[in-house]
Structure formats: structure tokens, C-alpha cells
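Since the structure comes first, as C-alpha cells, the remarks are kept for the end.
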Amino acid sequence: MPGNTSTPDWWRGAAIYQVYLRSFADGNGDGTGDLAGLRSRLPYLADLGVNAIWLNPWYPSPMADGGYDVADYRSIEPVFGTLAEAEKLIEEAHDLGIRTIVDVVPNHASDQHAWFQEALAAGPGSEARERFWFRPGVGDGPPNGWQSIFGGPAWTQVPDGEWYLHLFAPEQPDFNWNNPVVREEFLEVLRFWFDRGVDGVRIDSAAVLVKDLDSVEESYTDHDGVHEIYREWRRVSDSYGGRILIGEVWLPDQERFANYLRPDELHTAFNFDFLSSAWEPAALRASIDLTLATHVPIGAPATWVLSNHDVARPVTRYGRAVTSWDNAERRDGMPSDLELGRRRARAAALLAMALPGSVYVYQGEELGLNEVEDIPEELIDDPMWERSGHTVRGRDGCRVPLPWSGTEPPFGYSTGEPWLPQPAGWRDLTVEAQEADLGSMLCLYRSALRLRRELLGDGTLTWLPYGDEVIAFRRDSGLVCLVNLGAEPAALPESGSVLLASGPLDGDLLPSDTAVWIMEAR
Ligand code: GLC
């Protein structure tokens, strides 16, 4: 059973596995992943050795944005299952020592949410409209020139002439967080899920809730007023005895980022700076230093994230000529040397798992899946595709259903046709194939997560001098992590025993793009 789940600060050093439910495992053969599928695969997650799962939104949703368009925050999407099944999942996961974190989406709802339907019907000037951002237009156009994050205007007009704000798709109207009714509603939503045993929430688009509509500039990111909201949320989570709050906070300014992690606000936030870093020693070292410098003074643990459901898979990213990540560019279809990318992704995993704090593993990362870049256009589901006028393919390539077993699609994922097609080449990457191969990515993740539980997690690190090309540090347990990002092999330390390596070592040399964990001789 995975360790440290009984301690109140389990989250500080946790390994958290992100379940994109739609694509994890399908229990009823309709091609879409569901709770039955996930429950049947919980032993796999226990074997992997994770402390918690975070599930992307599982609420009733028209799926205009993969479930981030929530129609009802207190129920389960019928395609995924029922509330009773969700409660069973939480309980069964607990029995295996795994905590459950759910996604809460406070910035916007679905246009099918009862409040939005009520607002449409109630008309201009109504209280129902005050829960969202409805405004008259200027001339024939929208109230201001703000653009949606998915492309196109951030305003859509309704038949009575008013416009409503949506930072994302038109099917995702933004809530008006100046309205106390909205604030109270979300405190109730938190209580609803904490009452059902969830151990934490991941807060979607956490930095954009508060807006200044009078500003000509787009003015919604990181307003000071957002912190008051999270102080209220923290009071609720604390009243449940340490349920945790995790923010999706994309901010370039680390000081502003740290504000979200003050002791009376969120517990942790995703480290997108590390995820976005190029596979280059100076960039990675700088990102790690910056991360620790941001977190240590406020006493919050860092998080280490290599992938999620919004970004290209690391295997593909690290095999490209440009290895950094930029949401604005995405680099769809840029050629990638997948063999090189996979070698680097293995090394990156050992790096991320050796660093102090908690670590996230996005489903399929442990299998070394590549980004799927040839999904037929007519099957593309991501709203970015339509909103960009068919110029940005979007995020489906990292959301393709997992390959579990067998030699051809659907690879044990479903008995039906997966909602997105799986590449035939994934036959070598199934869980079944990798379990039988001690050198596989899956076996590497299992070993690393096991060792990490015993020897790593939260704490501090000490940098070791190994030259510019090798990232090297020691953890308090005596574990030394070396990552060679140079083109030439690097010398391994003369003493100490090798616990784990991301690839074959060359005698006493550490090859290029390889990481190793060594226990110091004592
Ligand atoms: C977050 C989610 C992303 C979603 C967006 C709008 O960035 O991670 O998947 O599209 O919010 O809810």
C-alpha cells in the first residue's frame, strides 16, 4: 500500500496521478472512459505507487471543452457513471491508500447550467444575469475588445441584444465573482465534495476569476481580489481537517505566483515553469532554483510537473529541435525524434521525482506515450480547432485513450471504438507489454515511485558541482541524482551504489540524456 497517506501533510511529498477519465479505461464498451473502468484499474494505480489521483471534471457536461463546461457541480456525467459510483470509487481508492482529488471549475459554467439558462430567460437587468457578465454592446459590437483564450472574441451576443463574457469557448460563460451568491455557491460545492470524502480539489484557471471590465486592456489575470476568494476556500478546507487546494496558476511572475501559496490560501500550485523549460541544463537548473526560491520562504512545497491534458506529451516535446513548451505556440507537427525524446523523458522523470516536493504523473506519461499528431480532422474534438479557424489542432493528441493490453486498438481500453483513435504503434507501449519488460518506462516509473516514497518526497536539496552539463544534487537521505544533459558521457562518482538509471550506463560513465540515482557510501 502506498505510504504516508495517514499523515496530515501527506500532500507535501505526494505522487499524484492525473486521471483523464474519458480516456483512462472504459467499463461499458461505449468508447468513453468511465468510473467503472477506473475502479477496475485501481490496483494498477496502487502497484504504480501513487498517493493520490486527480480526476479531470466528471460532472454532467455537454463536453464543449472536454468537461470543463460544467452543467451541474453536484452530480456525475451519466457517460462516466453515477454519484453512487463516484462515492464507491473514493472509498475503494482509500482502501488502497490512494486519495482522491476532484477538479472544480469556478471561472465559468456550461451554457447549459441551470443558472445560465435562467439568466437567458430572465432578460436584461435581472438578478439571474448578475451571476454572469452580461453587458450591452458598444455600437454593433461587443462591450470591449477582449479575446477568448481559445481564439475569437470573448463575448457572444444573445437574442435580446446583450452580450456575455466567456474567456474560453462561447459554451463556457464566465461567472461574476463580484456577486456574493456566486461565492457562496462555490463554498457549498466544496462542502458537497468534502462531505463525500474527497481529499482535495484542483482549481481550474485559478488566477482569472476576478475581472475589471472597465479596462480597455484584457484585465482578468491575477487581480489582487482573487486572494480573498481562496482565503474563504481555505477556511472551508481546514474545517474538514486538511483537505487540500491545488491551483492551476499560469503566471510568469514567481512572486505573484507565490502569493497564492501563502499559509491561509492554497496548499500547492502546478509548476508550469518547470514543465515549460527546455531540455537544457542551464534552463532546467534555473527553473529548479527559481521554484525553490519561490516556495521555501513561504513554507509551501514545490510541485514538479512534466505533463497534463493541455500540453504536448514530453516524449514528443523533448524530441523536437525546440524542447521548451509555450501554450501560445504549441508547435503542432514540428518533427520529433521520438527515440531521443523517450530517452530524455525517462531522464526527466527521474529528475522530477528526485526533487523536493510533490510530483504529478499524467496518465500515459508512465507508458512513455507520444503526442498523437495525426488524428483525422473530422474527429478533432478540442474547441481550439474550431475557434482558431482550423489553424490549431489543440490538445486531443495527449488525450488519446490508454493502451492496456493486446496487439491492436482498442488495446484493452474498451470493447467498443475509442472516442479518439489510438495509433497502431502503441502495441509496444501497452501496460501488458511493459509489465513484461524490466527495461520499460512503466517499470522505471514503478521503481522510481517506490524509491521516492522511501528516500525522497518533501525536504531540501544540496547542489553538487558536476560542471555545466550535468545537473547534480543530493537529498537529505543521501540519495544523489545526476542528469547528463551534455553531448558527451560524464564520469559517475567513484563511490556509492547505483539504485536506478533511466538508461544503460557505460561502465563508470553516465551517457548523454541519462539520469541516475545513486546512494552515497556512508
Ligand atoms: C484549464 C484546463 C483546460 C480547460 C480550461 C478552461 O486550463 O486545464 O483543459 O480547457 O481550463 O476550463
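Indexing begins at 1, ligand by ligand and atom by atom, following the structure's order. Fair warning: this is a prediction, and the values are worked out from it, not measured in the lab.
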Proximity flag Trp250 to ligand 1, non-hydrogen atoms under 4.0 Å: no
is_close_aromatic(Tyr164, Phe116), centroid dist under 6.0 Å: yes
Centroid-centroid under 6.0 Å between Trp58 and Phe80 rings: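 No, they do not, as the ring centres are separated by 6.0 Å or more.
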In ligand 1, which numbered atoms sit nearer than 4.0 Å to a non-hydrogen atom of [X]?
{"X": "Ser205", "answer": "1 (C), 11 (O)"}
{"X": "Arg395", "answer": "3 (C), 4 (C), 9 (O), 10 (O)"}
{"X": "His108", "answer": "6 (C), 12 (O)"}

Value rounded to 0.5 Å, distance of CD in Glu232 from OG in Ser237: 12.5 Å
Residue selection (non-hydrogen contact nearest atom 7 (O) of ligand 1) among His309, Arg399, Gln172, Glu248: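 It is Glu248 that holds the nearest heavy atom.
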From Asp69, Asp204, Asp382 - option closest to atom 2 (C) of ligand 1 by heavy atom: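 When every heavy atom of Asp69, Asp204, Asp382 is considered, Asp204 comes closest to atom 2 (C) of ligand 1.
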Whether Tyr318 and Trp279 hold their rings parallel, tilted or perpendicular, with breakpoints at 30° and 60°: tilted
Aromatic ring pairing His113/Phe175, orientation class (parallel under 30°, perpendicular over 60°, tilted between):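 Perpendicular, since the angle between the ring planes exceeds 60°.
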Ligand 1 versus Phe150: contacting region, heavy-atom distance under 4.0 Å: side chain
Part of Arg202 with heavy atoms under 4.0 Å of ligand 1, whether side chain, backbone, both or neither: side chain
Closest approach of Asp212 to Trp146 (non-hydrogen atoms, all atoms of both residues):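 Residues Asp212 and Trp146, closest heavy atoms: O-CZ2, 3.3 Å.
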Shortest non-hydrogen separation from Leu261 to Ala269 and the atoms involved: CD2-N, 3.7 Å
I need the nearest protein heavy-atom contact for [atom]: residue, atom name and distance, please.
{"atom": "atom 8 (O) of ligand 1", "result": "Asp310 OD2, 2.5 Å"}
{"atom": "atom 10 (O) of ligand 1", "result": "Asp65 OD2, 2.6 Å"}
{"atom": "atom 5 (C) of ligand 1", "result": "Phe168 CE2, 3.8 Å"}

Other residues, nucleotides, ligands: >12 heavy atoms within 6.0 Å of Glu127 CD: no
